[in-house]
**Student:** 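Take a look at this one; I'll ask things after.
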Amino acid sequence: MAGNEWINGYLEAILDSRTAPGGGGGGGGGGGGDPKSPVAGASPRGPHMNFNPTHYFVEEVVKGVDESDLHRTWIKVVATRNARERSTRLENMCWRIWHLARKKKQLELEGLQRMSARRKEQEQVRREATEDLAEDLSEAADTLGELVPVEMAKKKFQRNFSDLTVWSDDNKEKKLYIVLISVHGLVRGENMELGRDSDTGGQVKYVVELARALSMMPGVYRVDLFTRQVSSPDVDWSYGEPTEMLTTSSIDGEGMGESGGAYIVRIPCGPRDKYLKKEALWPYLQEFVDGALGHILNMSKALGEQVGNGRPVLPYVIHGHYADAGDVAALLSGALNVPMVLTGHSLGRNKLEQLLKQGRMSKEDIDSTYKIMRRIEGEELALDASELVITSTRQEIDEQWGLYDGFDVKLEKVLRARARRGVSCHGRFMPRMVVIPPGMDFSNVFPEDIDGDGDGKDDIISLEGASPKSMPPIWAEVMRFLTNPHKPMILALSRPDPKKNITTLVKAFGECRPLRELANLTLIMGNRDDIDEMSAGNASVLTTVLKLIDKYDLYGSVAFPKHHNQADVPEIYRLAAKMKGVFINPALVEPFGLTLIEAAAHGLPIVATKNGGPVDITTALNNGLLVDPHDQNAIADALLKLVADKNLWQECRRNGLRNIHLYSWPEHCRTYLTRIAGCRLRNPRWLKDTPADAGADEEELLEDSMDAQDLSLRLSIDGEKNSLCINEPLSSDPQDQVQKIMNKIKQSSALPPSLSSVSEGGKNAAEAAGSVVNKYPVLRRRRRLFVIAVDCYQDDGRASKKMLQVIQEVFRAVRSDSQMSKISGFALSTAMPLSETLQLLQLGKIQATDFDALICGSGSEVYYPGTSHCIDAEGKLRPDQDYLLHISHRWSHDGARQTIAKLMVAQDGSGDVVEQDVASSNEHCVSFLIKDTKKVKTIDEMRERLRMRGLRCHIMYCRNSTRLQVIPLLASRSQALR
């Protein structure tokens with residue numbers, strides 16, 4: 001572990017305190033016969049007499065505890081002159097170490113128990129899958145794709161696409177619209193502020209370059225990259241611009257229209273004048289969804305006029321990056337019925353496991369700091385909706401996505417094999433995981449033209465003869481550290497993070513005399529002004545590096561410049577290649593390893609960790625060696641082998657330059673488009689058969705819809721902070737409540753058509769959505785739509801009288817205002833089936849036709865009373881067929897019903913705790929009556945088990961917790977409104 005040199009001094013102090021006069025009574029180490037001595041047993045004050053401080057501290061601290069805080073305390077201990085106070089502090093440190101070690105062991109035990117329970121559940125799921133699908137899991141053994149390892153480098157990345165056709169210039173006649181989403185951080189096309197904060201890093205660079213590269217591919221007309229708009233004085237004004245052009249589209253020189261190309265589109269959400277960290281953005285994502293949806297609808301119409309022969313051009317795919325954008329993409333994909341793709345970048349479950357293993361924060365503290373549970377649920381929701389999940393490495397699939405309820409490698413293979421043969425999967429679905437390494441822009445990369453003799457003579461002459469002004473400034477900055485700058489350069493470029501393992505590299509270099517004599521070491525460890533002002537972890541690494549340089553007397557052989565900028569990085573690679581050097585990434589674990597690709601593009605052979613993405617990279621490029629990052633001798637041997645063997649160096653260099661195209665952006669985009677072309681298109685029917693009699697209204701409302709959507713962003717069915725909901729406690733009188741809401745609405749009369757809502761005792765009470773663009777003329781004529789979403793039920797789940805009173809009061813209040821009543825319509829949203837809804841309305845003598853829409857069964861059905869196509873031959877209401885077709889995606893009524901019945905069997909053997917409520921069920925809603933509320937499982941437990949079985953749906957307790965309802969993934973009361 002990095003930065004542990006202080007342990008030696010710590011142990012010496014403990015030993016001194018044991019032998020010093022009077023030091024045995026309260027010292028941290030204790031005397032040989034002191035019963036208070038900490039031991040490596042059940043308690044630091046156990047009865048054992050043979051306390052071995054070296055064994056204890058090496059085992060419990062060096063190997064098991066993050067010592068940064070203890071290190072700071074130790075510095076204070078060293079500075080303490082008073083022997084008694086020093087002894088007390090040492091004892092306190094011993095206790096802290098023991099408690100940390102005990103907590104860590106406890107967390108490890110809990111983790112093992114968690115994993116054991118998960119494995120048992122997975123085995124049970126697979127057994128059930130075998131029974132339900134009547135197929136053996138071994139059927140997928142011959143499944144083709146990226147999950148099967150191959151030997152040859154090129155074949156490894158030219159994946160077997162089965163029946164997929166590789167994307168080529170033959171697709172140039174297509175005019176695709178692609179949407180990318182990356183919500184957090186500061187995103188712009190030029191002068192990216194990478195490293196400004198933890199949210200503005202490699203992901204920002206990746207999505208911007210991906211948008212540019214995709215827009216240049218044949219058949220792609222427009223790419224929109226959605227991110228959050230930030231108009232804060234704390235950041236540059238450019239982040240507040242609504243739109244930024246990245247590239248214009250000019251395929252084969254054709255005039256492609258004003259909307260072609262790649263653009264950054266910034267969507268306002270949350271406080272406009274504040275830059276928020278990603279952990280604080282979760283409450284505002286619904287607002288982001290509404291804004292993005294408005295932009296997509298308007299852009300689809302504009303693109304339809306330009307390249308779609310007058311028909312809207314919907315996105316070909318919606319691609320979410322990271323958990324927050326995955327959540328947004330899932331909702332947009334569901335609303336528009338277009339395929340969704342997900343890239344996780346970094347995953348919440350993996351981070352949670354790492355933080356728990358450190359033993360420094362409880363799960364509650366971690367969630368409070370990082371909103372980790374909301375992030376994990378966002379990732380699970382994104383998995384539910386995704387057709388495709390793109391990863392950078394195979395390790396990401398096995399060791400990270402494998403932790404999630406929504407993905408199981410074995411079950412995914414079975415379902416994929418069945419789908420290929422056209423056999424029903426009974427509603428089970430697992431997203432496809434594919435490895436597509438990130439691309440790189442090589443347009444500005446010019447590898448040094450180096451002779452094969454490798455004597456370095458020309459390099460020495462060229463450097464000595466050059467004036468300082470003719471050399472890049474960073475070259476001079478590096479070479480000023482070196483006594484002989486013409487020796488081969490071993491280059492490492494990373495943050496001074498303990499995980500990057502730089503200290504082990506310095507030890508390997510310092511302890512290998514032949515390597516020191518043959519080469520120099522250059523460490524590019526970020527930028528720093530004052531080590532004391534850096535974070536504890538980074539400062540510890542840098543301090544340790546400086547101590548090691550002094551310990552091994554490496555002055556003149558190691559360069560460690562304080563500053564460099566992004567433009568200097570290619571020059572650093574060029575210098576290392578010019579010196580016939582080697583690039584090394586010795587990280588303990590490297591998820592991908594973009595610096596390895598950059599180094600290879602400049603002609604540098606590589607040495608890299610064998611843990612993570614570098615395995616795939618070195619296999620593909622065949623330009624270096626893999627090492628165990630914990631073995632400093634192996635690191636030194638690999639470096640020495642490449643530097644000393646000129647023929648091997650030249651071979652690795654040539655292989656890297658020959659194969660680097662596998663990581664180019666065109667190659668990435670070609671594979672990307674090939675994969676998404678295999679996703680099933682499922683555009684909504686309401687865009688395909690708009691009735692002719694809606695023409696004028698459609699044109700008017702599509703033009704006005706952005707204003708209406710802009711206001712709707714501040715409102716939510718869930719009563720978000722920025723809605724027009726009353727925040728103060730409401731009275732029990734429905735008339736009072738409705739009147740307060742109406743007063744709020746009238747006060748906002750200067751605003752465009754809007755959403756309005758009423759809340760009843762913490763429950764949803766009413767809501768109104770502005771300018772709902774739909775194919776039905778009645779709704780098109782509405783300038784304001786009040787959606788009443790009242791949930792007031794009796795103990796048996798029947799509607800209470802208060803629900804009816806609220807409906808009547810909303811009607812009365814709206815109709816009392818003659819101007820408002822002319823432009824307003826009504827919709828009712830409820831968990832009840834249509835039959836019970838109509839019965840309730842009849843009790844209040846309210847006609848169904850008083851509503852423009854009825855959303856019933858928790859959003860599983862939508863009715864349009866008074867519209868001819870929603871009336872059957874017997875004059876009865878029938879659900880909108882377009883909506884039913886829309887939400888049928890990945891839905892299996894029988895699969896959901898049978899699985900819930902199995903899962904809800906009481907563990908004490910007393911029988912079922914639920915029974916199906918046939919009267920409340922329909923084709924797209926399975927409803928169960930709760931027989932015993934004390935024995936039912938929680939929603940989280942049920943959701944987890946459904947996901948593990950590949951069933952993608954929404955599950956909820958409703959109607960005063962008397963019903964359990966399961967509806968399709970694309971259905972919900974809020975999505976029905978969208």
Side-chain angles (χ1 to χ4, degrees), residues 177-194 196-197 199-212 214-215 222-249 258-300 302-303 315 318-329 331-332 335-336 343 345 705-714 720 722:
Y177 174 32
I178 294 176
V179 170
L180 310 177
I181 307 173
S182 182
V183 178
H184 64 262
L186 297 171
V187 182
R188 64 182 180 188
E190 303 296 336
N191 301 317
M192 288 180 273
E193 299 182 80
L194 303 181
R196 172 191 172 113
D197 55 41
D199 291 353
T200 309
Q203 178 181 328
V204 170
K205 181 180 180 183
Y206 172 81
V207 294
V208 170
E209 291 186 355
L210 175 61
R212 281 199 180 106
L214 281 173
S215 70
R222 180 180 174 103
V223 179
D224 278 342
L225 170 56
F226 288 174
T227 189
R228 180 174 178 255
Q229 185 182 37
V230 184
S231 303
S232 168
D234 298 330
V235 302
D236 191 76
W237 62 270
S238 59
Y239 300 115
E241 290 295 295
T243 306
E244 177 184 345
M245 179 186 291
L246 295 175
T247 63
T248 57
S249 181
E258 62 182 16
S259 297
Y263 296 82
I264 297 174
V265 179
R266 299 185 177 92
I267 304 296
C269 73
R272 307 293 176 89
D273 59 345
K274 289 184 180 179
Y275 172 54
L276 299 178
K277 297 183 67 175
K278 58 179 175 286
E279 291 82 7
L281 288 175
W282 292 106
Y284 309 110
L285 292 187
Q286 294 280 344
E287 187 178 334
F288 191 98
V289 171
D290 290 336
L293 184 59
H295 174 87
I296 290 173
L297 289 175
N298 282 275
M299 184 52 60
S300 296
L303 295 179
I318 296 176
H319 188 166
H321 294 266
Y322 196 78
D324 47 12
D327 198 309
V328 170
L331 291 173
L332 287 173
L336 295 169
T343 299
H345 291 277
S705 64
M706 183 57 85
D707 289 337
Q709 291 287 352
D710 282 347
L711 182 62
S712 73
L713 296 182
R714 298 192 289 273
E720 298 277 353
N722 295 327

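Each residue takes its place number in the sequence, starting with 1. Quick caveat: nothing in here was measured; it's all calculated off a predicted structure. Basis for what follows: all heavy atoms, side chains included, without hydrogens, waters or symmetry-related copies.
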**Student:** Looking at every heavy atom in both Y322 and H345, which two are closest together, and how far apart are they?
**Tutor:**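 Minimum heavy-atom contact is N-CD2, 3.8 Å.
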**Student:** Just by distance, do the side chain of T227 and the backbone of V183 share a donor-acceptor pair under 3.5 Å?
**Tutor:**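 Yes; judged by distance alone, with no hydrogens or angles, the pair exists.
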**Student:** Show the nearest heavy-atom pair for residues P283 and A280, with the distance to one decimal.
**Tutor:**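 Closest heavy-atom pair between P283 and A280: CD-O, 3.5 Å.
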**Student:** Quick one: closest heavy-atom pair of A262 and A211, and the distance?
**Tutor:** CB-O, 3.6 Å
**Student:** Below 4.5 Å, heavy atoms only, C-beta onward: do Q286 and L331 meet side chain to side chain?
**Tutor:** yes
**Student:** Suppose the criterion is salt bridge (charged side-chain N to carboxylate O under 4.0 Å, His left out): which pairs have a residue in residues 291-300, not counting sequence neighbours?
**Tutor:** none
**Student:** Of all residues at least two apart in sequence or in a different chain, which pass the side-chain hydrogen bond (donor to acceptor under 3.5 Å, both in side chains) check with Q203?
**Tutor:** S182
**Student:** Check whether any side-chain heavy atom of F226 sits under 4.5 Å from a side-chain heavy atom of V328, and report yes or no.
**Tutor:**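 Result no, sub-4.5 Å side-chain heavy-atom pair not found.
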**Student:** Report the C-alpha distance between Y275 and D197 in whole Å, list the side-chain angles of each, state the deciding distance to 0.1 Å, and finish with yes or no for side chain to side chain contact (heavy atoms under 4.5 Å, CB included).
**Tutor:** CA-CA 11 Å; Y275 172 54; D197 55 41; 2.8 Å; yes
**Student:** State the CG-CZ distance between L186 and R228, to the nearest 0.5 angstrom.
**Tutor:** 9.5 Å
**Student:** What heavy-atom pair brings Y177 and S300 nearest, and what distance separates the two atoms?
**Tutor:** CE2-OG, 4.2 Å
**Student:** Looking at residues at least two apart in the chain, or sitting in another chain, which of them share a side-chain hydrogen bond (donor to acceptor under 3.5 Å, both in side chains) with K278?
**Tutor:**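 For K278 the side-chain hydrogen bond (donor to acceptor under 3.5 Å, both in side chains) partners, ignoring immediate neighbours, are D199.
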**Student:** For I267, does its backbone N or O pair with a side-chain atom of Q229 as donor and acceptor, under 3.5 Å?
**Tutor:**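 Looks like no, no N/O pair under 3.5 Å.
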**Student:** How many angstroms lie between CG in D224 and CG in L246, if you round to the nearest 0.5 Å?
**Tutor:**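 Rounded to the nearest 0.5 Å, the CG-CG separation comes out at 9.5 Å.
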**Student:** I need the minimum non-hydrogen distance between I318 and L332, along with the two atoms involved.
**Tutor:** CD1-CB, 3.9 Å
**Student:** So do L180 and H321 actually touch side chain to side chain, heavy atoms under 4.5 Å?
**Tutor:**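 With C-beta onward as the side chain, the pair touches.
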**Student:** How long is the straight-line distance from SG of C269 back to OH of Y284, given to the nearest 0.5 Å?
**Tutor:**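 Rounded to the nearest 0.5 Å, the OH-SG separation comes to 9.0 Å.
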**Student:** Does the side chain of L336 come within less than 4.5 Å of L293's, by heavy atoms?
**Tutor:** yes
**Student:** Measure from the side-chain N and O atoms of R212 to the backbone N and O of T247, and report whether any donor-acceptor pair falls under 3.5 Å.
**Tutor:** no
**Student:** Is there side-chain contact between Y263 and S215, with at least one heavy-atom pair below 4.5 Å?
**Tutor:** no
**Student:** Just to verify, what does D324 make a salt bridge (Lys or Arg N to Asp or Glu O under 4.0 Å) with, not counting sequence neighbours?
**Tutor:**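 Counting only residues at least two positions away or on another chain, D324 forms no salt bridge (Lys or Arg N to Asp or Glu O under 4.0 Å).
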**Student:** Going by the rule salt bridge (Lys or Arg N to Asp or Glu O under 4.0 Å), which residues pair with D236 if we only count those two or more places apart in sequence or in a different chain?
**Tutor:**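 So D236 forms a salt bridge (Lys or Arg N to Asp or Glu O under 4.0 Å) with R188.
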**Student:** Which pair of non-hydrogen atoms, one from A325 and one from I181, has the smallest distance, and what is that distance?
**Tutor:** CB-O, 3.2 Å
**Student:** Sub-3.5 Å donor-acceptor pair from the side chain of T200 to the main-chain atoms of E193, do we have one?
**Tutor:** no
**Student:** List for me each residue that meets salt bridge (Lys or Arg N to Asp or Glu O under 4.0 Å) alongside E244, sequence neighbours excluded, and say none if there are none.
**Tutor:**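 Result, salt bridge (Lys or Arg N to Asp or Glu O under 4.0 Å) vs E244: R266.
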**Student:** So how far is it from K274 NZ to S231 OG, rounded to the nearest 0.5 Å?
**Tutor:** 14.0 Å
